[in-house]
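Lettering follows sequence order; numbering is per chain, from 1.
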2 protein chains.
Amino acid sequence: MATSEGGRPRPTVRERLQQAAFELFDEQGYDGTTVDAIAERAGVGRTTFFRAFRSKEEVIFPHHDELLEQVRGRLDAASERHSLVAVFEASRLVLKHYLNEGELAQRRYDLTRSVPSLREREIAGMQQYQRAFREYIRTWMGDELRAELMAGSVITAHNVVLRRWLRGLAEDPVAEFDVAMTKVVELFGDRRGDPGGAGGAGATVVVVTHAGDDPSSIAGAVEAALRNDLAHRAP
Amino acid sequence: MATSEGGRPRPTVRERLQQAAFELFDEQGYDGTTVDAIAERAGVGRTTFFRAFRSKEEVIFPHHDELLEQVRGRLDAASERHSLVAVFEASRLVLKHYLNEGELAQRRYDLTRSVPSLREREIAGMQQYQRAFREYIRTWMGDELRAELMAGSVITAHNVVLRRWLRGLAEDPVAEFDVAMTKVVELFGDRRGDPGGAGGAGATVVVVTHAGDDPSSIAGAVEAALRNDLAHRAP
DNA sequence: TCTCAGTACGGTACTGAGTACCGTACACGT
DNA sequence: ACGTGTACGGTACTCAGTACCGTACTGAGA
């Protein structure tokens, strides 16, 4: 259902609302657009809008809750032996989600940069990921402060790469993500005599975190990551 | 003005509103309290409330803007030679602000833990400090990612100590702050061959960051910091 | 075909935050 | 006494979000 048998799939109410909303945001700005106007352009009633989206902001952050659940699931499913890899895979999950959103992510980025309330919302959302990471990391790492610092660093590294991609500065964001995560590992996993340390660091981890992906892409990603890494290392 | 000559200083409208607001928050919760109710209990009109506070949330985060300005000022005033110390002093400024707030900080903490919208607000506020740190650090440190990670870590370390104090777990939060910042320095300032590195690490920095404080308290703080540090270091 | 239940939708009315505007009282300096 | 600024209260408005009700469509079973 929601797609008639014949021609192109008929957009759902939710999709029509989202389309109308972003059109109006472009034309009049976020604050200048009322929910009534969105519903009217989508050809539905105001009530229907609030049935499709819990709030006006949720039009812009549509799949946040599901993604958060996926992240938690990925972390919970990980065995204790591969905790660090689990954190990487989970944060990579977030990055890939944004990459898949494509244009929507870009438009949201523009909006969050210009509308303070949306920026707050986005930050708060990121904090939820950080919270998930933090709680998970703390279970395997004794040090509370250290776990907190690492969780924050994972999120930060993710955000740096994501922002670069959103600004069109990153040709291969996934490779950059691996480089960034490698730096995080160098920071946290490469300690002197620390017990409970996270094992090896550097390019090895890059390969491991690619485990769930298409094998043919691994070689290229590693190559790009190493090239990037070397460029940063010794100038 | 605003204090009559004679007995105790007459509370300003702003103070009366804040008092009334927190009373009602305790009695009925944040969402269950309307601005009308706050104004009524304070004995003023609704309009006056919005003249004293820009929003209902601002009753709970009253001096945020000023503090942010102080942080920016402290960073801008720092000479390039002591960048790391400037970051520490600025983040210490934030911590001390909360410590000085005393009971208000505790009540806000309780509220932010139970009301999601307030938690978002608090997180967004912290992000502004992080932004100030990030932009400052990036000017002296070439590496964007590294600056971002460090700024995030400074904020995180601050928050960990602050939360411990708010939960009544920290006897000497300032000393714990110094320990936490020392760990951050170990993480970021103690690199192998990195140029632009942040010089020495460890307890030395603790002394330096105390430069602006009462000299008599330095000895005790250093002693406490070292004791704490040793307890964490070799168990 | 009729009926019944579930669902999806629209409409109305309400609460509450935040804004704009106007009127007024009470401080001052002259 | 006379303006003048300022602080305050009141009214009326916009808009997000909620609650509730009525109705049209749909599909299963008799």
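Partners of B/Y30 under the ring pair (Phe, Tyr, Trp, His ring centres under 6.0 Å) rule, at least two apart in sequence or in another chain, are B/F25. Among residues two or more places apart in sequence or in another chain, the side chain to side chain donor-acceptor pair (under 3.5 Å) test is passed with B/Q106 by none. Residues satisfying the salt bridge (Lys or Arg N to Asp or Glu O under 4.0 Å) criterion with B/D65, sequence neighbours excluded, are B/R54. Residues satisfying the salt bridge (Lys or Arg N to Asp or Glu O under 4.0 Å) test with A/D26, not counting sequence neighbours, are A/R107. Listed by chain and number, the residues in a side chain to side chain donor-acceptor pair (under 3.5 Å) with A/R163 are B/E148 (sequence neighbours excluded). Among residues two or more places apart in sequence or in another chain, the ring pair (Phe, Tyr, Trp, His ring centres under 6.0 Å) test is passed with A/F49 by A/F53.
Between B/R41 and B/E27, at least one side-chain nitrogen of the basic residue sits less than 4.0 Å from a carboxylate oxygen of the acidic one, meeting the salt-bridge criterion.
Residue-level contact check: B/G43 touches the backbone only, with heavy atoms under 4.0 Å from sugar-phosphate atoms and none from bases.
Listed by first and then second residue, the ring pair (Phe, Tyr, Trp, His ring centres under 6.0 Å) pairs that reach into residues 95-131 of chain B are B/H64-B/Y129, sequence neighbours excluded.
Look at CD on B/E58: it is 15 Å from P on C/dA17, rounded to the nearest Å. Across the protein-nucleic acid pair, A/L17 atom CG and C/dC9 atom C1' stand 12 Å apart, rounded to whole Å.
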List every contact pair, protein side and nucleotides 22-28 of chain C side both N or O, where the distance is under 3.5 Å.
none

Contact pattern, 5' to 3', of nucleotides 14-19 of chain D - B, S or - by protein heavy atom under 4.0 Å: -SBBB-
